[in-house]
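Order of appearance sets the numbers: ligands from 1, and atoms from 1 within every ligand. These figures come from a predicted structure and were not determined experimentally.
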Amino acid sequence: METQAIDIHKNDQSKQSAFNYDDFNFGTQPTDHLFLSEYDHGNWTSPRIVPTQHFSLSPFALCLHYGQTVFEGMKAFRQDNGHVHIFRPEKHHQRFNRSLERMCMPPIEKEHFINALEELVRLEQHWIPQDKEVSLYMRPFVFATEPRLGVKVADNYTFCITCTPMGLYYPKPVRVKVETQYVRAAEGGVGYVKCGGNYGAAFYPTQQAKEQGFDQIIWTDAKTHQFLEEAGTMNMMVMLKDTLITPRLSTSILDGVTRNSIIQIARDKGMKVEERAISYQELEDAFNAGNRVELFGVGTAAVISPVYSIQIQGKDYSPYIEDDAIMFQLKTALENIRQGRTKDTHSWNHFI
Ligand SMILES: *Cc1c(COP(=O)(O)O)cnc(C)c1O
C-alpha cells in the first residue's frame, strides 16, 4: 500500500519564542502542531498535521471505560553540527505495533508511522535549540474512540503524535526499594505493552514507597517475588564485577529501546553481557561480599538513572555511583552516538 500524503495546516504563530528553556517542567508545553489520523472501516484515514488542539470525544468513547490506549515515548535530537534526527524510529514502531496487537488495536504501517514523525519533526525542529541540552520528546499514541458502552473491541481509533521539549537532564541518583508485595505485571499479562493501564496500576504502590522515603520501586516477578523486573518507566541493569546483567525479556518486561542500545554498546566495547534472571539474593550476596555493585535504570527520559541506595527485605545497601562507574561510560557512549561525536555504526540516528 502506498503511503498516504499528509495534509499540513500550519499554525500562524509559534509559542517557541516565548518558551523559557532555562526553567520548565517536562510535559507541560506542547509544540505548535500535532499529527492526527482516524481509523475507520478498516483503514487509517486522512493523515494530517494541524495546529495543536483539544479532542472532542463521546462520553461513551471506549478508551475511557475499557482502557484501549497505547503509547510510545521517543526523541528527536539536534546534533553538534545542527542536523536533526529521530532516534531509532523503526525499533519504536515495532514495539508500538506489538502493543497495539496485544490490545486488539489496529497496527500502523512502518512507512506511515515514520513519515508522520518525519513531517512533524520537520515542522517543529526549531523547538530543539542548538546551544542548549534540550531534545524533542515525541509521544505517538492510539486510543479507542467508538462511542459504545458495551464491553467490546472498538471499531474506531485516533492516532495522534504530540511533541514537547525535554531537557537532557542529569538525573539525581535515586533511592529504591525492592517490592515484594505488590505486582506490576505477571507473565502472560501486558507488562511488555506500553498501555495506559500499566501506569495507573503502578501509582498506588509507588506512592506508598514515596511516603516511606523512596523515589522508585524495583518490581519483582509475580510468581516468586525473588527476581528483579523493572522500575517505573525504566529497565534495570546491574554491573557485577565486569559483567553487565539485565533481566531477560518476557511478557512481563517492557522491551526498552534504551536497554537494547546499552546492551549493544556494551557488547561493542567487548564487555560481558548477560540477559538472565537476577534475584535480590544475588545482589545481597554481592554487597555482603564487599563487591562493587552498580545498579541503574535505563529509559528514553533519563538515559541512565543511577541508584545510590537499595532496600532489600528491610536492609539498605549502597551501590557504587562514583564518576568512574561503568554506567556513566555507557551513557556517554550513547550520547556521543546521538550527538554525532562518534560513528553511528548501527544506523540508529534517522536524519530528517
Ligand atoms: C517506556 C518504558 C521503559 C523504557 O523504554 P525505552 O524505550 O528505553 O524508553 C521501560 N519500562 C517501562 C515499563 C516503560 O514503560
Side-chain angles (χ1 to χ4, degrees), residues 26-27 67 69-77 86-100 102-103 113 117 135-142 163-164 166 168-169 171 174 176 179 182-187 189-206 209 215-222 227-238 244 246-266 275 295-305 307 327 330-331 333-335 337-338 346 348-350:
F26 168 72
T69 68
V70 152
F71 68 96
E72 269 304 315
M74 50 198 301
K75 283 179 175 174
F77 298 88
I86 305 169
F87 190 68
R88 305 194 70 179
E90 287 93 357
K91 189 87 184 143
H92 284 281
H93 170 260
Q94 282 171 9
R95 186 172 71 192
F96 202 29
N97 270 356
R98 277 203 303 274
S99 296
L100 289 167
R102 181 62 176 79
M103 299 303 288
F113 181 79
L117 291 168
S135 61
L136 191 66
Y137 181 86
M138 309 189 78
R139 168 57 62 90
F141 60 108
V142 177
C163 305
T164 189
M166 186 176 203
L168 300 184
Y169 65 93
V174 293
V176 301
E179 177 62 59
Y182 295 107
V183 170
R184 186 189 91 92
E187 288 235 34
V190 294
Y192 71 101
V193 168
K194 255 180 144 64
C195 63
N198 281 345
Y199 305 85
F203 286 158
Y204 183 77
T206 306
D215 300 298
Q216 267 303 340
I217 282 172
I218 296 189
W219 301 101
T220 50
D221 70 287
F227 299 98
L228 308 186
E229 297 252 302
E230 45 179 328
T233 56
M234 287 185 297
N235 295 105
M236 290 309 302
M237 293 192 169
V238 185
L244 179 68
T246 190
R248 93 169 68 77
L249 295 177
S250 73
T251 47
S252 64
I253 293 186
L254 196 103
D255 182 1
V257 175
T258 316
R259 174 188 181 279
N260 180 277
S261 307
I262 293 288
I263 288 174
Q264 187 62 55
I265 286 168
E275 296 179 65
L295 182 65
F296 53 104
V298 297
T300 294
V303 186
I304 274 177
S305 187
V307 174
M327 61 184 161
L330 295 168
K331 177 180 184 180
L334 178 53
E335 282 172 352
I337 293 171
R338 282 174 173 169
H346 301 286
W348 287 342
N349 301 331
H350 183 96

Query raised in the report: Among all protein non-hydrogen atoms, which one is nearest to atom 12 (C) of ligand 1, and what is the separation to 0.1 Å?
Result: E230 OE1, 3.4 Å

Query raised in the report: Are any of the N/O atoms in V257 less than 3.5 Å from those in ligand 1?
Result: yes

Query - Proximal ligand 1 atoms for Y199, defined as those under 4.0 Å from one of its heavy atoms - result: 13 (C), 14 (C), 15 (O)

Requested in this report: Give the intermediate values and the outcome of salt bridge (Lys or Arg N to Asp or Glu O under 4.0 Å) for residues R139 and E72.
Outcome: CA-CA 6 Å; R139 168 57 62 90; E72 269 304 315; over 6 Å; no

Query raised in the report: Okay, side chain of D221, backbone of F227: is any donor-acceptor separation there less than 3.5 Å?
Result: yes

Report summary line: If we number the atoms of ligand 1 from 1 as shown, the ones under 4.0 Å from a heavy atom of T300 are 6 (P), 7 (O), 8 (O), 9 (O)

Report task. Looking only at protein heavy atoms, identify the closest one to atom 4 (C) of ligand 1 and say how far it is in Å. Result -> T233 O, 3.5 Å

Query raised in the report: Going by heavy atoms, is A231 under 4.0 Å from ligand 1?
Result: no

Report task. Kindly confirm or rule out an N or O of K194 lying under 3.5 angstrom from an N or O of ligand 1. Result -> yes

Query raised in the report: So, F96 versus F141, ring centres under 6.0 angstrom or not?
Result: no

Query raised in the report: Do R88 and N349 have a side chain donor and acceptor closer than 3.5 Å?
Result: no

Report summary line: Applying side-chain contact (heavy atoms from CB on, under 4.5 Å) to Y204 and not counting sequence neighbours gives Y182, Q208

Query raised in the report: Numbering the atoms of ligand 1 from 1, which are under 4.0 Å from a heavy atom of R95?
Result: 5 (O), 6 (P), 7 (O)

Query raised in the report: Where does M234 meet ligand 1, judged by heavy-atom distances below 4.0 Å: at the side chain, the backbone, both, or neither?
Result: backbone

Query raised in the report: So, N198 side chain and V193 main chain: donor-acceptor pair closer than 3.5 Å or not?
Result: yes

Query raised in the report: Looking only at heavy atoms, is any part of E229 under 4.0 Å from ligand 1, and if so is it the side chain, the backbone, or both, or is it neither?
Result: neither

Query raised in the report: With sequence neighbours excluded, what pairs up with R98 under the salt bridge (charged side-chain N to carboxylate O under 4.0 Å, His left out) test?
Result: D255

Requested in this report: Indicate yes or no: does an N/O atom of N235 lie under 3.5 Å from an N/O atom of ligand 1?
Outcome: no

Query raised in the report: Does K75 use its side chain to pair, donor to acceptor, with the backbone of A301 at less than 3.5 Å?
Result: yes

Query raised in the report: With a 4.0 Å heavy-atom cut-off (strictly under), which part of L254 contacts ligand 1: side chain, backbone, both or neither?
Result: side chain

Requested in this report: With salt bridge (Lys or Arg N to Asp or Glu O under 4.0 Å) as the test, would you mind laying out the steps for R259 and E275 before giving the verdict?
Outcome: CA-CA 11 Å; R259 174 188 181 279; E275 296 179 65; 2.8 Å; yes

Query - Heteroatom proximity flag, R184 to ligand 1, N/O under 3.5 Å - result: no

Query - Protein heavy-atom partner closest to atom 8 (O) of ligand 1 - residue, atom, separation in Å - result: T258 OG1, 2.6 Å

Query raised in the report: How are the rings of H93 and F113 set to each other: parallel, tilted or perpendicular (split at 30° and 60°)?
Result: tilted

Requested in this report: Report, in ascending order of atom number, the atoms of ligand 1 lying under 4.0 Å from any heavy atom of G256.
Outcome: 5 (O), 6 (P), 7 (O), 8 (O)

